[in-house]
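Note sheet for the following structure.
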Amino acid sequence: MPRTLRTLLCALLLTALASSISAQFRLFGPRSPRPTPQPRQMRSASAYISRQEPLKVNQSLLKQATPDNVHVVVSLPKQRAYLMIGEQIVADSPISSGKAGHTTPSGNFSVLEKDPDHHSSIYGDFVDGYGRVVRSGISAKIDSAPSGTHYIGASMRWFMRLTGEGVGMHVGILPGYPASHGCVRMSSDGAKLFYDTVRVGTPVKVGD
């Protein structure tokens, strides 16, 4: 085949191929690049927690409060504790009471003991000789200490004992729902205010 004819045929084939590609481009359009998968946004634990109103204090009533004229009311449904003079609320504090299986007992109690730096005799951690936590959140009643460790009770600052079994009011984590092993957890400022105002013998009513 003459070279000129061969060259002409190649040119015609290239022209036809280019026309076909152009037609497909116009029909279907350019392919959009696939979007890069984005990592799923993880919600923080606090997003799932019911927020509680912070401590509220009536400063004028607080000036009138004495260890002899106050009493305490704990509402389990509302998850609040009230420092009261008669029917007037001196302080309104968020709490976390006992979870299912460890519910806070209801009834009429009184403050049996005050201890500013109390530690639990039941719940705490096993730590080694260097003070490092080996196992946390254990129960001294049912868990055995690993070799070389000893028990350290959980801190219960500003502890106000309500029962002989160890249930009381003290500083603790407030997740927004009942989560303790029976005690009434309070915020640091709330527990300190209640602790400073009540005395051994102050009436405490826990219930609905």
Side-chain angles (χ1 to χ4, degrees), residues 45-46 49-57 62 65-67 70-85 89-127 131 133 135-143 150-208:
S46 62
I49 292 175
S50 172
R51 293 296 183 184
Q52 292 173 288
E53 290 292 324
L55 175 70
K56 302 174 185 178
V57 182
L62 182 60
T66 71
V70 297
H71 64 279
V72 175
V73 174
V74 176
S75 172
L76 300 181
K78 294 180 180 179
Q79 291 292 280
R80 308 293 293 187
Y82 306 98
L83 183 66
M84 312 276 294
I85 297 178
I89 299 175
V90 178
D92 173 355
S93 173
I95 67 163
S96 178
S97 60
K99 59 187 176 181
H102 298 275
T103 53
T104 301
S106 298
N108 294 307
F109 307 93
S110 62
V111 177
L112 302 177
E113 172 194 0
K114 293 176 62 179
D115 183 353
D117 193 25
H118 187 74
H119 286 77
S120 174
S121 60
I122 300 175
Y123 301 105
D125 305 322
F126 288 134
V127 302
V133 176
R135 287 181 60 192
S136 62
I138 60 90
S139 169
K141 287 185 175 181
I142 60 176
D143 295 304
H150 60 281
Y151 169 80
I152 296 291
S155 176
M156 296 179 169
R157 291 277 290 164
W158 312 120
F159 182 71
M160 295 160 276
R161 183 186 296 274
L162 301 181
T163 74
E165 292 73 31
V167 174
M169 305 173 69
H170 61 80
V171 175
I173 297 172
L174 302 180
Y177 50 84
S180 80
H181 286 96
C183 284
V184 177
R185 297 178 184 170
M186 305 180 72
S187 62
S188 181
D189 52 353
K192 180 67 163 56
L193 176 61
F194 278 56
Y195 185 94
D196 287 344
T197 309
V198 305
R199 61 173 174 81
V200 172
T202 293
V204 179
K205 182 178 180 179
V206 181
D208 300 332

Could you state the interatomic distance from SG (Cys183) to CD (Glu165), rounded to the nearest 0.5 Å? 11.0 Å
Which atom pairs, donor and acceptor, lie under 3.5 Å between side-chain atoms of residues 200-208 and protein residues at least two apart or in another chain?
{"from": "Thr202", "atom 1": "OG1", "to": "Arg199", "atom 2": "N", "distance (Å)": "2.9"}
{"from": "Thr202", "atom 1": "OG1", "to": "Arg199", "atom 2": "O", "distance (Å)": "3.1"}

Just jot down the side-chain hydrogen bond (donor to acceptor under 3.5 Å, both in side chains) partners of Arg80, sequence neighbours excluded, or say none. Asp92
Over all heavy atoms of both residues, which pair between Ser188 and Val171 is shortest? Give the atoms and the distance, please. CA-CG2, 3.8 Å
Can you list the residues that meet the ring-ring contact (aromatic ring centres under 6.0 Å, His included) rule with Phe109, with sequence neighbours excluded? none
How long is the gap from CG on Asp115 to CZ on Arg161, to the nearest 0.5 Å? 8.5 Å
To the nearest 0.5 angstrom, please state how far the CG atom of Leu112 sits from the CG atom of Leu162. 7.0 Å
Mind jotting down which residue pairs meet the salt bridge (charged side-chain N to carboxylate O under 4.0 Å, His left out) criterion with at least one end in residues 96-107? Sequence neighbours excluded, please. none
In this structure, CZ of Phe194 is separated from CE of Met186 (nearest 0.5 Å) by 4.0 Å
Specify the closest pair of heavy atoms between Ala179 and Ser96, including all atoms of both residues, with the distance to one decimal. N-OG, 3.1 Å
Would you say Leu83 and Val198 make side-chain contact, with heavy atoms under 4.5 Å? yes
Pairs meeting criterion salt bridge (charged side-chain N to carboxylate O under 4.0 Å, His left out) with involvement of residues 181-191, two or more places apart: none
Say whether, by atom type as modelled, one donor and one acceptor occur between the side chain of Ser93 and the main chain of Leu55 under 3.5 angstrom. no
Sequence-distant partners of Ser97, side-chain hydrogen bond (donor to acceptor under 3.5 Å, both in side chains), two or more places apart: Gln79
Applying salt bridge (charged side-chain N to carboxylate O under 4.0 Å, His left out), can you list everything that pairs with Asp196, at least two apart in sequence or on another chain? Lys192
To the nearest 0.5 Å, atom NE2 of His170 lies from atom CZ of Arg157 at 13.0 Å
Going from CE on Met160 to OG1 on Thr197, what distance comes out if it is rounded to the nearest 0.5 angstrom? 9.5 Å
Anything under 3.5 Å between a donor and an acceptor, one on a side chain of residues 70-78, the other on a protein residue two or more places apart or in another chain? List them.
{"from": "His71", "atom 1": "NE2", "to": "Gly86", "atom 2": "O", "distance (Å)": "3.4"}
{"from": "Ser75", "atom 1": "OG", "to": "Lys78", "atom 2": "N", "distance (Å)": "3.3"}

List in chain and number order the residues that pass ring-ring contact (aromatic ring centres under 6.0 Å, His included) with Phe159, two or more places apart in sequence or in another chain; answer none if no residue qualifies. His118
